[in-house]
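This report concerns only the one structure given below.
In what follows, chains are A, B, ... by sequence order, proteins preceding strands, each numbered from 1.
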2 protein chains.
Amino acid sequence: MKPASKASEIERIADTIARAVAEQRLPPGTRLVEAQLVDSLKANRNHVRSALQRLALRRIVSIQPNRGASIAQPSVEEARAVFTARSVIERGVIEILVSGVRKLDISLLKKQRDKEQAAIRNGPREVIIRESGQFHLLLARLAGNAVLEEMLNDLITRSSLIISLYQQHNNPQCGCDEHGNIIQAIEAQDPVKAVQCMSHHLHDIEMHLNLAFWETRTVDFGSVFSEEAESRLL
Amino acid sequence: MKPASKASEIERIADTIARAVAEQRLPPGTRLVEAQLVDSLKANRNHVRSALQRLALRRIVSIQPNRGASIAQPSVEEARAVFTARSVIERGVIEILVSGVRKLDISLLKKQRDKEQAAIRNGPREVIIRESGQFHLLLARLAGNAVLEEMLNDLITRSSLIISLYQQHNNPQCGCDEHGNIIQAIEAQDPVKAVQCMSHHLHDIEMHLNLAFWETRTVDFGSVFSEEAESRLL
DNA sequence: GTAGATTAAATTGTTAACAATGTTGGAGCC
DNA sequence: GGCTCCAACATTGTTAACAATTTAATCTAC
């Protein structure tokens, strides 16, 4: 007897990979060879192929015809677009939550926040990343909108990708408990402040990235192989 | 020589179907038999299957294991979620446009609006629907955010589905040129008003639907087969 | 005639072999 | 040595046959 429905086998594969990406266990650019996946995930090749195509649609992997799939390497432009989109969606989520249309269980948010704080103190990096993402996702879930939740789920995974590509230091997450501030503002039913907190939080994450550095850097062989670059090799 | 790249064959199929759905040539619930699609779209069965799975991911078709695919029939709950999500995203788009970060070519919007007005006067229904969708999509494109644009593209298609399921009369689109109002507000660089116009516009569309009617109606055989329903058969 | 069972057809799901393409490594040549 | 060319390998893409499942039709019993 198979516990999971047969149709969701593809989903299982896709989610396994997506999660590994979200938790930064699969770095951007990693090649995903079908045969390897088939045997490490104990799956049918067709299912693996379908899963890869799904992930390609979600921009988590990129597929080049006849050359296989690999974990995506979002461009700076895409990175900015993702964070802007997150801001748009998450501000919308916050507005829904604060508008008081649904009776909101703040304790769930606090519980998630505690879980995250515990992870920050002594958890491994991937757990920290996961719990942080879960907080944002929980907000969307509490807003009771499956469409926004699903979109945000994708964006969070893509954010992980972006962060592991463009992070400056290996500062896992800012320690300044911005999630706590968001909870406070929601609890206080202050729409303006809550939205501000969220905007600020996302902006903060984006600003800790190296985006500006790579922005204008079209691969410019002239300067790349100048004395400056060469001197670094010594 | 094949003009389109081989990899995008799946995309071609998916887009053909999605477009037919968006223009309401394929009504909700229509069964999509693989063999039929293979031969009417001159395609490989694998490609058709992949395309169907893609569309299932976009919630445009629904696939039931061993029972094939059919055009989705979004629930009332999903319908509301879609419109709320659209509102969130499109308000975000408007804010980006009005914020003046990008120099905006208003004439493109006006041109699209004219196209739409022309369609409303004498075009066939499907063209009206298409051009109306294109207006919203154009806003997202002008905002220069591919992520938001893609999300909105999906939502617009799903909206078409919802509208053909839940529309009250066969009023194709409101004649009151709300798109024109939106353009005006953007042109006047008035963020508050522009966002209001968009909100109002989307709310308007939603309110012209029968959602409330079906909301609580769990299929309740007792009342369905009462004298009222029977009398309608005579 | 209707309910239930049985068979046939239609449809989807799976598999494995084959084809096409891309990649790697080495032999021979300059 | 460095280069080109070619063959072997690895990987992806395609196809067709087969298996499993659902749907429709037919038949029998009552």
Next item on the list: Drop me the distance from K42(B)'s NZ to D39(B)'s CG, to the nearest 0.5 angstrom.
Entry: 8.0 Å
Margin query: Both R67(A) and R45(A) contact DNA chain C. Taking the nearest nucleotide for each, which residue is further toward the 5' end?
Written below: R45(A)
Checklist line | Whole-Å distance separating the CG atom of N46(B) from the C1' atom of dG13(C) | finding: 11 Å
Check: What is the distance, rounded to the nearest whole Å, between atom CZ of R49(A) and atom P of dT15(C)?
Finding: 15 Å
Item checked: Closest to the E34(B) side chain, choosing from dT15(D), dG13(C), dT12(D) -> dG13(C)
Checklist line | Taking every non-hydrogen atom, the tightest pair across Q167(B) and L209(B) | finding: CA-CD1, 4.3 Å
Checklist line | Touch class at under 4.0 angstrom, heavy-atom based, for L32(B) against every strand present | finding: sugar-phosphate
Next item on the list: Mind checking salt bridge (Lys or Arg N to Asp or Glu O under 4.0 Å) for R31(B) and listing every partner two or more places apart, or none if nothing turns up?
Entry: none
Item checked: Integer-rounded Å distance: dT11(C) P and Q64(B) CD -> 16 Å
Next item on the list: Using atom CD1 of I13(B) as one end and atom P of dT14(D) as the other, report the distance to the nearest whole Å.
Entry: 11 Å
Margin query: Measuring to OP1 and OP2 of dT11(D), would you say a side-chain N or O of R31(A) lies under 4.0 angstrom away?
Written below: no
Next item on the list: Identify whether any heavy atom of N44(A) sits under 4.0 Å from a base atom; if not, whether one sits that close to sugar-phosphate; answer base, sugar-phosphate or nothing.
Entry: sugar-phosphate
Item checked: Length of the CG-P vector between N66(A) and dA10(D), whole Å -> 18 Å
Next item on the list: Determine: side-chain N/O of H47(B) to OP1/OP2 of dT14(D), distance under 4.0 Å, yes or no.
Entry: yes
Check: Between dT11(D) atom P and I63(A) atom CD1, what is the distance in whole Å?
Finding: 17 Å
Note to self: Checking E23(A) now: which residues fulfil salt bridge (Lys or Arg N to Asp or Glu O under 4.0 Å) with it, not counting sequence neighbours?
What the structure shows: R19(A), R25(A), R130(A)
